[in-house]
Amino acid sequence: VKLSLHLLVATLAVTVLHGRFPLASGALAGALPLLGWSRVALGRHRWREVIAGAALGVVAGVLLRAR
């Protein structure tokens, strides 16, 4: 199992930016499903790896914002 670092970084950015730039983070959040689909369609990851990467990105973003 290898986490999708693309989704990890993208969800981290969405989570951190949400407080200061809600429109920008919303636009980026809208692209997350497409990014996840592309990683699976290209054969780079499986869905569980994409979801795990996204979940870790959200957790990291929440922890960064809590500081």
Side-chain angles (χ1 to χ4, degrees):
V1 174
K2 57 180 181 171
L3 296 180
S4 173
L5 297 180
H6 286 85
L7 265 295
L8 190 150
V9 171
T11 55
L12 172 65
V14 167
T15 306
V16 170
L17 293 175
H18 182 68
R20 291 188 50 118
F21 306 103
L23 291 177
S25 67
L28 183 56
L32 291 176
L34 182 60
L35 179 61
W37 170 83
S38 71
R39 301 308 294 163
V40 173
L42 290 171
R44 304 293 188 204
H45 295 286
R46 295 179 184 202
W47 279 111
R48 67 177 176 243
E49 297 166 338
V50 168
I51 293 168
L56 186 56
V58 170
V59 169
V62 168
L63 291 175
L64 280 174
R65 286 190 61 187
R67 294 181 63 194

Review point. When hydrophobic residues are tied together by side-chain contacts of less than 4.5 Å, even through go-betweens, does Leu7 share a cluster with Trp47?
Key: yes
Check your understanding: Which residues pass the side-chain hydrogen bond (donor to acceptor under 3.5 Å, both in side chains) test with Ser25, sequence neighbours left out?
Key -> His18
Just list the side-chain donor-acceptor pairs under 3.5 Å for residues 49-61, sequence neighbours left out, or say none.
unit_1 : atom_1 : unit_2 : atom_2 : d
Glu49  : OE1    : His45  : ND1    : 3.4
Glu49  : OE1    : Arg46  : N      : 2.8
Glu49  : OE2    : Lys2   : N      : 3.1

Review point. Other hydrophobic cluster members with Leu12, side-chain heavy atoms of Ile/Leu/Val/Met/Phe/Trp/Tyr under 4.5 Å, chained?
Key: Val16, Leu64
Point to revise | Connected-component partners of Leu42 among ILVMFWY, side-chain separation under 4.5 Å | key: none
Review point. In Å and rounded to the nearest 0.5 Å, what is the CZ to OG distance from Arg44 to Ser4?
Key: 11.5 Å
Check your understanding: Which pairs count as side-chain hydrogen bond (donor to acceptor under 3.5 Å, both in side chains) when at least one residue sits in residues 58-67, sequence neighbours excluded?
Key -> none
What donor-acceptor contacts under 3.5 angstrom involve side-chain atoms of residues 28-36, with partners at least two apart or in another chain?
none

